[in-house]
Amino acid sequence: MADDMMEFEGVVETMAKDKWGVRVTANYIPLCAISGKIRQSGIKITIGDRVRIAVSPYNLQLGRITFRIK
């Protein structure tokens, strides 16, 4: 992962076709896609799962889900 990415932990709130809304704080819910390693491993992500996301400092509204916390 690039050094300029910011990491957050949050809970999946919404789920569309290929984007997930992850609640990080009370007012911050970025739309996230699944990273390639999670997709290749076949890990399913549903509403209510705790996840770790990476967000670029240049666009805080889009992110990538990098880890599903058990």
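Only a predicted model underlies this, so the values are computations on that prediction, with no experimental measurement involved.
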Would you please name every residue forming a salt bridge (charged side-chain N to carboxylate O under 4.0 Å, His left out) with R52, sequence neighbours left out? E9
Shared-cluster residues of I69, by chain and number - hydrophobic side chains joined below 4.5 Å: F67
Check whether any side-chain heavy atom of D4 sits under 4.5 Å from a side-chain heavy atom of Y58, and report yes or no. yes
CZ on R68 to CD1 on I45, rounded to 0.5 Å: 7.5 Å
Can you give me every donor-acceptor pair (side chain of residues 21-35, partner residue at least two apart or in another chain, under 3.5 Å) with its distance?
unit_1 : atom_1 : unit_2 : atom_2 : d
R23    : NH1    : A26    : O      : 2.8
T25    : OG1    : Y28    : N      : 3.3
Y28    : OH     : L60    : O      : 2.6
S35    : OG     : I65    : O      : 3.2

If the condition is side chain to side chain contact (heavy atoms under 4.5 Å, CB included), which residues does N59 pass it with, not counting sequence neighbours? Q61, L62
All side chain to side chain contact (heavy atoms under 4.5 Å, CB included) counterparts of T14, not counting sequence neighbours: none
Going by salt bridge (charged side-chain N to carboxylate O under 4.0 Å, His left out), name the pairs with one or both residues in residues 24-34, residues two or more places apart or in two chains. none
Counting N and O atoms only, with roles assigned by atom type, does the side chain of S41 sit under 3.5 Å from a partner on the main chain of I43, one being a donor and the other an acceptor? no
Let me confirm one number: the CZ-CG distance from R39 to D18, rounded to the nearest 0.5 Å. 7.5 Å
If Ile, Leu, Val, Met, Phe, Trp and Tyr residues are connected whenever their side-chain heavy atoms lie under 4.5 Å apart, and connections chain through other members, are M6 and V11 in the same group? no
